[in-house]
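Step one of this worksheet: look at the structure below.
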Amino acid sequence: MAVEKFQFEVGSLPLSGVRIVDLSWAYAGPSATRTLAELGASVIKIESPRRPDGARALIQDRNESHPDYWNRGLYFAEKNLGKRAMTLDLTKSLGIDAFLRLIRMADVVIESFTPRVMENFGLGFERLVGEQPHLIMASLSGYGETGPRRNRPAYGSALEPEAGITFGTGYLGGPPVKTGLAYTDPISGVLAAGAILHALYEKFTGLRDGPLFIDLAEREAVLPFVGEALAEYQIEGKLPNRIGNRHRMFAPQGCYECLDDGWVAITVRDDDEWRILAQAIGIDGLGLMEMEERRERVDEIDSHIAEYCVTRDRFEVMESLQELGIPVGVVQDGRDLLSDPQLNARSFFYSVDHPVTGERRYHRFIGSSFEEWSMQSTKHAPLLDEHTDQILAELGYSVSEIEEFRFTGVSGNEIASLGRSGPTLDLEWLLEQGGVSAMDEPLGSRIPSVRQSGSSP
Amino acid sequence: MPPLRILETACGVMGPFSGSLFADRDADVVKLEPPEGDWTRNPPGSTHAGLFHCINRGKRSVVIDVASREGRAQLQSLVAWADVVIAGSELVAAEITDDTLSSWNADVIRSWILPFGLSGPYANYQAESIQLLALGGMMHMTGDPGREPLQLPGYHPEYIAGIHAFTAASAALVARARFATVGQRVETSAYEAIAGSAEMAVTMYVATGAVRSRFQGRQPWGIQGEIVPCADGYVAVHPGAKGELLAILIGRPDLLEEPLLLEPQYRLKHIPEFVTLLGPYLSSHTRAEVMHDCEELGLPFGAVLEIPDLLEDEQLEARKFFELTDIDGTEAFLPGRTYRTSNDVDQRPPAPSLGEHTEEVLAANSGTKRVEESM
């Protein structure tokens with residue numbers, strides 16, 4: 001197989017010239033293709049003209065009334081930076097025709113429907129490979145593309161319990177607790193990006209000749225996280241207890257309240273760290289206790305640490321104890337993250353303009369940075385149907401043919417004119433109930449100032 | 001054509017999990033261990049090496065004491081052999097810098113995996129899993145509003161960072177292959193990996209000024225996996241996009257227009273009534289029965305599965321997900337590949353014993369070319 005080799009130019013990104021067709025929606029798949037777009041790929045997002053990506057409806061700006069419902073969701077905006085979008089009805093032959101033209105030019109196709117859907121469209125892997133023999137196809141699903149439960153519908157927030165994670169999470173003596181997150185989605189998204197990058201590496205080097213199908217079950221992607229508990233059960237017959245914020249090996253470990261509703265998480269990993277911490281918080285007399293004794297007297301120890309923390313600022317506790325080499329972390333919220341000195345020093349945030357919502361601050365989805373390039377999108381998340389005509393023209397359709405797409409409803413954004421209003425967040429109610437812990441004026445295009453850190457590298 | 005060559009110098013979970021994702025793809029992963037072995041072979045407070053066996057399948061183990069002069073020379077020759085070096089706090093402690101690695105092999109991709117990365121004001125901060133969950137924003141969003149924030153026990157940030165590092169190193173490999181350029185430094189920060197995965201913590205604040213907080217597993221835009229008791233445990237109630245299906249699920253077609261079932265925000269504000277409405281159905285059905293009904297209807301519920309349930313899960317079994325492993329004389333089923341491809345062959349070989357491949361690797365680690373040169 002002939003291998004494309006580009007001359008390296010300043011500003012070249014690893015996926016420059018790589019074409020990705022993206023049928024995925026909601027969180028996991030779109031976050032994968034956002035990361036791939038940041039690496040230089042040309043990503044074309046395809047949405048149904050009658051059922052656009054539901055993420056478009058989530059998290060609308062407050063105190064703003066705007067008729068452009070489908071283009072205002074910030075949930076969608078952060079997951080689709082750097083892409084182009086078109087509408088295409090894949091239940092109609094004209095839609096299939098355009099889709100197959102895209103596939104013939106594509107390196108990668110990614111989708112996240114329940115497994116029967118692509119087959120129902122007549123667009124399974126075999127069919128697509130018939131059009132593009134070197135195609136990489138990534139299918140993301142809850143439970144996988146094979147097996148008796150493959151067609152179970154699934155979202156990331158219900159897969160966390162299905163992966164055995166929730167059962168082991170909770171307060172001491174309490175019921176199982178789920179995170180407040182679509183936990184498996186962002187993890188599966190970065191993994192899917194990695195799977196696609198690895199497949200492209202094999203293609204570019206000739207390690208693999210021919211197509212590749214990637215079957216990523218979100219539940220299986222996070223099952224290794226409970227691997228130790230699986231081993232423990234089979235070797236020792238022991239099941240994990242819910243241990244609150246304690247550690248299975250180290251003591252003490254906990255989450256302690258500070259001034260102004262702040263919290264810090266503190267861990268003591270060995271006898272030296274305990275001696276140092278005991279001295280720092282003024283209980284030198286207890287400093288010679290060994291791990292076993294600390295585990296037995298952990299409630300007493302916790303009350304001493306709690307007493308120390310409760311009169312102090314959370315960042316002061318972290319910085320002064322980190323100075324002594326003790327693992328301490330402030331419990332940060334979204335507002336804290338935006339002004340965090342470490343994240344800001346490492347280019348974690350950047351601003352991108354958007355034609356409807358204006359300039360906004362976004363964060364990287366991947367925890368990695370590169371010596372040779374930065375991971376920043378410059379293009380806003382696409383409006384519904386924004387690039388349909390442009391892309392159809394690139395596929396070789398004439399102006400009158402493109403009109404046919406619109407006339408027959410294969411493409412279009414009529415749904416936008418229906419002016420649907422979606423679920424509005426009742427932020428005042430959430431604030432009252434605790435689902436929102438504080439409320440400021442919306443940041444808009446402003447860039448928050450960076451918190452001054454007391455310590456230096 | 002020789003496989004991709006990964007030199008894994010980091011111990012623990014982050015680096016080795018990243019290495020295992022390459023081993024899953026049939027890379028030649030050489031795992032460097034100190035004379036006493038990776039600590040996951042014998043975790044403090046544990047009596048077995050289960051953790052080690054979970055994340056080190058398909059690798060070769062080489063024992064090198066990098067503090068000795070001989071060990072350093074051996075490390076240098078292995079760096080010269082590798083396509084990717086996975087580097088963590090062990091190399092930082094041995095004062096082997098990124099510049100040193102690139103001076104030993106200009107083509108090698110240095111995949112650093114650290115709690116906070118190599119630079120910035122927190123670069124030297126200490127962190128276990130709970131500090132990363134706390135700083136990264138996940139703990140603030142987990143637990144009850146009136147109580148302390150809650151961790152996820154285990155090594156979640158370490159596993160997540162391992163995934164991010166695999167993806168990042170793969171991106172650098174693509175760049176090197178396509179542009180015929182040299183290696184580069186890639187840094188994965190577990191803190192950034194968690195902050196990047198803390199759903200809508202940042203963006204909701206930017207958009208609305210509201211700080212997302214812990215809300216018993218609920219999302220501000222609705223119930224998405226409410227943990228509710230059923231006949232034999234708990235299920236995660238997720239209405240999906242079609243709330244009217246809930247009326248059919250609970251056998252109450254008279255409630256097809258009930259706002260409690262239909263409207264996400266109304267549901268969220270009346271959770272006790274919502275749960276009471278579902279109560280008679282849930283308390284008389286097992287998790288398996290609930291999940292069966294939900295699959296028929298297209299409702300995206302989940303069951304709260306316990307460890308033994310996973311081992312008996314028909315879907316995981318049909319997909320042959322678990323791999324049977326001998327852990328010091330006891331057989332156990334451990335998690336398999338995180339994703340699979342149409343090119344996968346058999347199961348990966350088991351994790352190596354300490355130093356199992358020291359001789360063979362050190363004897364034959366030079367004289368062959370890296371993947372792109374042999375094209």
Side-chain angles (χ1 to χ4, degrees), chain A residues 8 14 62 74 78 147 149 152-153 155 157-158 161-162 164 167 178-181 186 191 194 197-198 201 204-205 213 215-216 221 223-225 227-228 231 233-235 249 255 265 267 327 329 331 333-334 341-342 345 363 365 367-368 371-372 423 427 434-438 440 442-443 453, chain B residues 45 48 50-51 54 120-122 126 128 130-131 134-135 140-142 145 148-149 164 166-168 170 173-175 177 179 181 184-185 188 192-193 196-197 199 201-203 205-211 213 215 217 224-225 236 238 264 295 300 302 304 307 315 318-319 332 335 338-339 342:
Chain A
F8 181 75
R62 187 161 62 124
L74 268 292
E78 69 159 24
R149 304 275 74 82
R152 260 191 196 170
Y155 289 93
S157 46
E162 283 276 347
F167 189 75
K178 198 182 76 57
T179 62
L181 311 165
L191 180 63
L197 284 160
H198 191 275
Y201 175 75
F204 291 132
T205 55
F213 183 71
D215 171 6
L216 192 157
L223 262 165
F225 299 14
E228 193 185 22
Y233 171 68
Q234 293 172 83
I235 296 170
M249 308 184 271
C255 188
T267 308
V331 175
D333 56 34
Q342 176 71 9
H363 65 90
F365 279 4
S368 313
E371 189 176 17
E372 296 291 340
L427 296 173
V436 162
S437 55
D440 294 341
L443 207 51
S453 161
Chain B
H48 57 83
L51 178 59
C54 285
Y122 296 177
Q126 298 293 311
E128 291 298 316
I130 194 172
Q131 283 78 33
L135 282 162
H140 185 74
M141 297 191 290
T142 304
E148 69 271 26
H164 288 220
F166 164 70
T167 298
S170 299
L173 281 166
V174 168
F179 301 129
T181 180
Q184 64 169 311
R185 182 184 73 247
T188 299
E192 291 167 33
S197 309
E199 187 191 23
V202 166
T203 304
Y205 180 74
V206 170
T208 67
V211 176
S213 187
F215 197 29
Q224 301 200 332
H238 196 312
E295 185 177 330
V304 178
I307 297 297
Q315 175 72 357
R319 284 169 61 77
T338 52
Y339 68 90
S342 49

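There is no side-chain donor-acceptor pair under 3.5 Å between A:Asp333 and B:Tyr205. Side-chain atoms of B:Glu128 and A:Thr267 form no donor-acceptor pair, as typed in the model, at a separation below 3.5 Å.
For A:Ala265, the parts lying near chain B are the backbone and the side chain together; criterion is any non-hydrogen pair under 4.5 Å. Both the backbone and the side chain of A:Phe225 come within less than 4.5 Å of a heavy atom in chain B. For A:Glu162, the parts lying under 4.5 angstrom from a heavy atom of chain B are both the backbone and the side chain.
The greatest number of non-hydrogen atom pairs below 4.5 Å with chain A, out of B:Ala318, B:Cys54, B:Gly217, is found for B:Gly217. Per-residue heavy-atom pair counts under 4.5 Å with chain B were compared for A:Ala221, A:Gly435, A:Ala158, A:Pro186, and the maximum is reached by A:Gly435. Chain A forms the most heavy-atom pairs under 4.5 Å with one residue out of B:Gly50, B:Pro300, B:Ala175, and that residue is B:Pro300. Between chain B and the options A:Met249, A:His363, A:Arg149, the largest number of non-hydrogen pairs under 4.5 Å is found for A:Arg149. Note: A:Ala438 leads A:Ala438, A:Gly147, A:Ala345, A:Gly164 in heavy-atom pairs under 4.5 Å with chain B. Contact count against chain B (heavy-atom pairs under 4.5 Å) is highest for A:Pro153 among A:Ala231, A:Gly227, A:Pro153, A:Cys255. Interface check for chain A: of the options B:Ala236, B:Ala193, B:Ser197, the most heavy-atom pairs under 4.5 Å are formed by B:Ser197.
What you find for B:Thr338 and A:Pro224 is that their closest heavy atoms are CG2-CG, 3.8 Å. Across every non-hydrogen atom of A:Gln342 and B:Pro121, the tightest pair is OE1-N, 3.1 Å. Between B:Glu295 and A:Arg152, the shortest heavy-atom distance links the atoms OE1-CG, 3.2 Å. The two atoms that bring A:Val331 and B:Pro149 nearest to each other are CG1-CG, 3.8 Å, heavy atoms only. Across all their heavy atoms, A:Gly434 and B:Pro145 have their closest contact at CA-CB, 4.0 Å. The shortest non-hydrogen separation linking A:Gly180 to B:Thr142 is N-OG1, 4.1 Å.
Side chain of A:Glu371 to backbone of B:Arg185: a donor-acceptor contact under 3.5 angstrom is found. Using modelled atom types, one side-chain atom of B:Gln131 and one backbone atom of A:Pro327 make a donor-acceptor pair closer than 3.5 Å.
Counting only heavy atoms from C-beta outward, the side chains of B:His140 and A:Ser437 approach each other to under 4.5 Å. When side chains are defined from C-beta on, B:His164 does not count as touching A:Leu191, because their heavy atoms never get closer than 4.5 Å. Side chains of B:Ser213 and A:Val436 form no contact here, defined as non-hydrogen atoms less than 4.5 Å apart. Between A:Tyr155 and B:Gln224, the closest side-chain pair of non-hydrogen atoms is not below 4.5 Å. A heavy-atom distance below 4.5 Å is not found between the side chains of B:Ser170 and A:Tyr201. B:Thr167 is not listed as a side-chain neighbour of A:Ser368, based on a closest heavy-atom distance of 4.5 Å or more.
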B:Met141 and A:Leu181: CA distance, side-chain angles, deciding distance, side-chain contact (heavy atoms from CB on, under 4.5 Å) verdict: CA-CA 8 Å; B:Met141 297 191 290; A:Leu181 311 165; 3.3 Å; yes

When you look at A:Asp215 and B:Arg319, which way does the side-chain contact (heavy atoms from CB on, under 4.5 Å) test go after all the steps? CA-CA 11 Å; A:Asp215 171 6; B:Arg319 284 169 61 77; 2.9 Å; yes

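For the atom pair OH (B:Tyr339) and NE2 (A:His198), the distance works out to 6.0 Å, reported to the nearest 0.5 Å. A distance of 12.5 Å separates CG in B:Leu173 from CZ in A:Phe204, rounded to the nearest 0.5 Å.
For A:Tyr233, the OH atom sits in a loose shell: 12 or fewer heavy atoms of surrounding residues, nucleotides or ligands are nearer than 6.0 Å.
Among residues two or more places apart in sequence or in another chain, the side-chain contact (heavy atoms from CB on, under 4.5 Å) test is passed with A:Glu228 by B:Leu51, B:Tyr155.
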